[in-house]
Amino acid sequence: MHLTGFTFIRNGFSLGYPFRESLQSLRDICDDVVVAVGDSTDGTREYLDTLPQDNLTVIDTVWDDAMREGGRILAEQTN
């Protein structure tokens with residue numbers, strides 16, 4: 001069996017989200033981890049570049065702030 005984990009993040013540092021710990025947990029139990037990272041302005045994307053890339057795939061995405069109401073942008077990112 002092959003297990004792939006997925007998550008998305010944008011501005012994880014400035015929002016105080018524990019994404020580093022979350023990614024480590026995913027990497028510990030998954031064969032591969034895919035991270036969709038939004039156009040961050042706080043160094044989140046740069047941090048991901050410092051991690052070992054052996055089982056990590058980073059996909060850059062653009063978040064449309066006009067879609068924030070009702071969580072529409074979150075739904076779009078998971079699609």
- Item | Nearest-0.5 Å distance, OG1 of residue T61 to CG of residue D39 | 7.0 Å

- Task: Report the distance from atom OG1 of T7 to atom CZ of F19, rounding to the nearest 0.5 Å.
- Result: 10.5 Å

- Note on the structure: Closest non-hydrogen contact found for N11 with S40 is N-OG, 2.8 Å

- Note on the structure: Between C30 and T4, the two heavy atoms sitting closest are SG-C, 4.3 Å

- Message: Any non-hydrogen side-chain atom of I9 less than 4.5 Å from a side-chain atom of Y17?
- Response: yes

- Query: Are the side chains of V37 and I59 in touch, meaning some heavy atoms are under 4.5 Å apart?
  - Reply: no

- Message: The test is side-chain contact (heavy atoms from CB on, under 4.5 Å); show your working for V33 and T57 and say whether it passes.
- Response: CA-CA 6 Å; V33 175; T57 301; over 6 Å; no

- Can you list every salt bridge (Lys or Arg N to Asp or Glu O under 4.0 Å) pair that touches residues 12-33, not counting sequence neighbours? R27-D54

- Message: Walk me through whether T44 and R10 qualify under side-chain contact (heavy atoms from CB on, under 4.5 Å).
- Response: CA-CA 7 Å; T44 296; R10 180 181 180 205; over 6 Å; no

- If only atom types and distance count, is the side chain of S14 paired as donor or acceptor with the main-chain N or O of D42 below 3.5 Å? no

- Message: Under a 3.5 Å distance rule, please check whether Q53 uses its side chain to pair with a backbone N or O of L48 as donor and acceptor.
- Response: yes

